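Here's the structure we're looking at; comments come further down.
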Amino acid sequence: MALLLTLHPENPQPRLLRQAAQWLRDGGLVAVPTDSSYAVVARLDDKEAADAMRRLRGLDERHHLTLLCRDLAEIGLMAKVDNRQYRLLKAATPGPWTFILEATREVPRRVSHPSRKTIGIRVPEHKVALALLEEIGEPLLSTTLIPKEETDALNDPEEIVRRYAHELAAVLDAGACAQSPTTVLDLTGPEPAVLRRGRGDPALLGLV
């Protein structure tokens, strides 16, 4: 049964963060607030948890899952980043952006796109999400919490508990999130390509 943990949005309680991190280490899925919407997270090296995440969302292996990272240095361990890409990442993180980059060997092959060997990656601008990443000490695999056959992400922690009482270990309640997706930028080509427009304004990065 999923537990609802109420955390302070600016100063999340360390005891509750430790509890959530332990659930993740034990193979559970946890719903966390981000700067775009609630997301489901799991440990990167936990295959069973990743499979459960895909089932929960109704996703196949071609759908990019996203790595939540603490900072640019952690992105550099998970993705191959050249100088041009680094400048753009530095200008956009943390924030409501997801970047498609070529995965490094640190990323399990089953997580990256099966044909392109790419991965979605981001640094969320939300203190609870960042505090959980700091507590777990490594990137987390994530996907936006959008129910099957629906298009909008869930934003009410109590509704998330009701819907996913048996699929989630816990829901971290820090209040409502913005109900707008991240802007997705593909950085694998010669020029950045906007794959989806969301909260991040491409014009702020000099992209039309």
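Computed over heavy atoms, backbone and side chain alike; hydrogens, waters and symmetry mates excluded. Computed from a prediction, not measured in an experiment: that's the story for all the values here.
Distance alone, capped at 3.5 Å, places no donor-acceptor pair between the Asp26 side chain and the Gly28 backbone. Between the side chain of Gln179 and the backbone N or O of Ser37 there is no donor-acceptor pair closer than 3.5 Å. Of the possible donor and acceptor atoms, none in the side chain of Glu159 sits under 3.5 Å from a partner among the backbone N and O of Asp156.
Inter-residue side-chain proximity for Gln85 and Asp82 is flagged as met; some heavy-atom pair is nearer than 4.5 Å. Taking 4.5 Å as the limit, some side-chain heavy atom of Ile75 sits within range of a side-chain heavy atom of Leu89. Here the side chains of Arg54 and Leu65 are in contact, with some heavy-atom distance below 4.5 Å. Contact of the Pro202 side chain with the Arg197 side chain is registered, since non-hydrogen atoms from C-beta on lie closer than 4.5 Å. With contacts defined as side-chain heavy-atom distances shorter than 4.5 Å, the pair Lys90/Thr93 does not qualify. Contact annotation: the side chain of Glu10 never approaches that of Val128 to less than 4.5 Å [non-hydrogen atoms, C-beta and beyond]. In this structure, the side chains of Pro139 and Glu74 come closer than 4.5 Å at one or more pairs of heavy atoms. Contact annotation: the side chain of Leu185 never approaches that of Ile100 to less than 4.5 Å [non-hydrogen atoms, C-beta and beyond].
Using a 4.0 Å cut-off between a side-chain N of Lys or Arg and a carboxylate O of Asp or Glu, Arg70 and Glu138 do not qualify as a salt bridge. Comment: Glu150 engages Arg163 in a salt bridge, judged by a side-chain N to carboxylate O separation of less than 4.0 angstrom. Using a 4.0 Å cut-off between charged nitrogen and carboxylate oxygen, Asp51 and Arg55 do not count as a salt-bridge pair.
Linking Ile, Leu, Val, Met, Phe, Trp and Tyr whenever their side-chain heavy atoms come within less than 4.5 Å leaves Val30 and Ile146 in two separate clusters. In terms of hydrophobic clustering, with Ile, Leu, Val, Met, Phe, Trp and Tyr side chains grouped at heavy-atom distances under 4.5 Å, Leu207 and Leu204 are assigned to different clusters. One hydrophobic cluster holds both Val32 and Trp23 under the rule that ILVMFWY side chains link at heavy-atom gaps under 4.5 Å.
Of the N and O atoms on the side chains of Arg196 and Thr182, at least one donor lies less than 3.5 Å from an acceptor on the other residue. Judged by distance alone, the side chains of Arg57 and Thr143 do bring a donor and an acceptor atom under 3.5 Å apart.
Rounding to the nearest 0.5 angstrom, the gap separating the CG atom in Leu145 from the OH atom in Tyr38 is 10.0 Å. Rounding to the nearest 0.5 angstrom, the gap separating the CG atom in Leu29 from the OG atom in Ser142 is 11.5 Å. Rounding to the nearest 0.5 angstrom, the gap separating the CD atom in Glu106 from the CG atom in Asp45 is 11.5 Å. Atom OG1 of residue Thr144 and atom CG of residue Leu59 lie 9.5 Å apart, to the nearest 0.5 angstrom. Atom CZ of Arg122 sits about 11.5 Å away from atom CH2 of Trp97, to the nearest 0.5 Å. Here the CG atom belonging to Asp173 is positioned 11.0 Å from the CG atom belonging to Leu16, to the nearest 0.5 angstrom.
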Practice task
Evaluate the side chain to side chain contact (heavy atoms under 4.5 Å, CB included) criterion for residues Arg199 and Ser180: first the C-alpha distance (whole Å), next the side-chain angles of each, then the deciding distance (0.1 Å), finally the verdict.
Solution key: CA-CA 6 Å; Arg199 285 196 69 210; Ser180 180; 3.1 Å; yes

Problem - Thr66 and Leu141: CA distance, side-chain angles, deciding distance, side chain to side chain contact (heavy atoms under 4.5 Å, CB included) verdict - result: CA-CA 6 Å; Thr66 299; Leu141 196 61; over 6 Å; no

Practice task
Any chance you could lay out the side chain to side chain contact (heavy atoms under 4.5 Å, CB included) test for Leu154 and Tyr164, step after step, and finish with the verdict?
Solution key: CA-CA 11 Å; Leu154 297 180; Tyr164 299 107; 3.7 Å; yes

Practice task
Show your reasoning for whether side chain to side chain contact (heavy atoms under 4.5 Å, CB included) applies to Val171 and Leu5.
Solution key: CA-CA 6 Å; Val171 177; Leu5 301 182; over 6 Å; no

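The two residues Cys177 and Asn155 have their closest heavy-atom pair at N-OD1, 2.6 Å. Scanning both residues, Pro12 and Ala131, for their nearest heavy atoms gives CG-CB, 3.8 Å. Nearest heavy atoms, Pro94 versus Pro124: CB-O, 3.7 Å. Among all heavy-atom pairs drawn from Asp46 and Gly27, the shortest one is OD2-CA, 3.1 Å.
For Leu77, there are no side chain to side chain contact (heavy atoms under 4.5 Å, CB included) partners two or more places apart in sequence or in a different chain.
Among Asp35, Leu68, Leu72, Leu130, the one residue that satisfies the side-chain contact (heavy atoms from CB on, under 4.5 Å) test with Val123 is Leu130. The side-chain contact (heavy atoms from CB on, under 4.5 Å) test with Ile121 singles out one residue from Val81, Leu101, Thr98, and that residue is Leu101.
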